[in-house]
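Just below is one structure, and these are the notes that go with it.
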Number of protein chains: 2
Amino acid sequence: MLFRTLADPTRRAIFEQLCREGEQTVGTLTTHAGISQPAVSKHLGVLKQAGLVRDRHEGRQTHYRAQLGALAPLIDWTREMGGFWERRFDQLEDLLKRMDQ
Amino acid sequence: MLFRTLADPTRRAIFEQLCREGEQTVGTLTTHAGISQPAVSKHLGVLKQAGLVRDRHEGRQTHYRAQLGALAPLIDWTREMGGFWERRFDQLEDLLKRMDQ
DNA sequence: TCGATCCATAGCCAACGGGTTATCAATTGC
DNA sequence: GCAATTGATAACCCGTTGGCTATGGATCGA
């Protein structure tokens, strides 16, 4: 889900801006995104579904902010891949040691 | 490019297997992938283009292995996002300090 | 040498995704 | 109360993508 959500450049740009600038309204995000407001809303919906942003309603505007903790699974995944690699390396090392005897 | 490449579950599964099991032939990967061999080849092509795997030809079979270093930009990106967040937090802290005086 | 195996490529198709415009509900200012 | 603003949703269009089958080139075994 995370990878798919962050795969789109426009959507990633929106998320990055929220990380950089903090809370932003849909209108502000739209002016920077270079696409129509409905398109921005759609992207925000996807980001929200992935847990990457949260929204807060204030009158007729909606403020969105990045939810950085949602990136944790991504960090875990990369660590896991690295772990697999290291484990294989250890096995190779063991094998070489046994061959050395 | 990285996010887009890893967005597809099947492709990610292939990459994960290469991380777990080390070098694998196209045939072996195909048996585990549950899709046709051409589909696997296509995925491997995309992974290769993204730098996530390298291939080695040996007779009529092609061995693929994960190139873990290619994940570095991804790790950098998450760190950058975290950095943005912290900077904003620091600014907020400063602001509160000034208001406290 | 000849059939079998392994993999890559080509060509095709259905589904998905990201964009648009149109519209509507809710809120706000006059 | 009414017009204007804000953002979400609906309906639609079209390019991309991930799957398939068919095929061909290269290598290996007999």
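All of these numbers come straight from a predicted model, not from anything done at the bench. The chains referred to below are lettered A, B, ... by the order of the sequence lines, with proteins before strands, and numbering in each begins at 1.
When every heavy atom of A/His32 is checked against every heavy atom of A/Thr28, the shortest pair comes out as ND1-O, 2.9 Å. Summarising the geometry of B/Ala33 relative to B/Val40, their closest heavy-atom pair is CB-CG2, 3.9 Å, with the distance given to 0.1 Å. Minimum heavy-atom separation, B/Val53 to B/Leu44: CG2-O, 3.9 Å.
No more than 12 heavy-atom neighbours from other residues, nucleotides or ligands sit within 6.0 angstrom of CZ on B/Arg54.
The phosphate of D/dG19 (OP1 or OP2) has no side-chain N or O of B/Ser36 nearer than 4.0 angstrom. Of the side-chain N and O atoms in B/Tyr64, one or more sit less than 4.0 angstrom from OP1 or OP2 of C/dA8.
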Show which side-chain atoms of residues 70-82 of chain B pair as donor or acceptor with protein atoms under 3.5 Å away, not counting sequence neighbours.
residue: B/Trp77; atom: NE1; partner: A/Glu16; partner atom: OE2; Å: 2.9
residue: B/Thr78; atom: OG1; partner: B/Ile75; partner atom: O; Å: 2.7

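Cluster annotation: A/Tyr64 and A/Leu2 are assigned to the same hydrophobic cluster (Ile/Leu/Val/Met/Phe/Trp/Tyr, side-chain heavy-atom contacts under 4.5 Å, transitive).
Residue B/Asp55 holds its CG atom at 13.0 Å from CD of B/Gln61, rounded to the nearest 0.5 Å.
Against DNA chain D, the stretch residues 1-35 of chain A makes heavy-atom approaches under 4.0 Å through A/Thr25, A/Val26, A/Gly27. Listed in residue order, the members of residues 39-63 of chain A having a heavy atom less than 4.0 Å from DNA chain C are A/Ala39, A/Lys42, A/His43, A/Gly59, A/Arg60.
Side-chain contact between B/Leu18 and B/Leu52 is absent, with no heavy atoms from C-beta onward closer than 4.5 Å.
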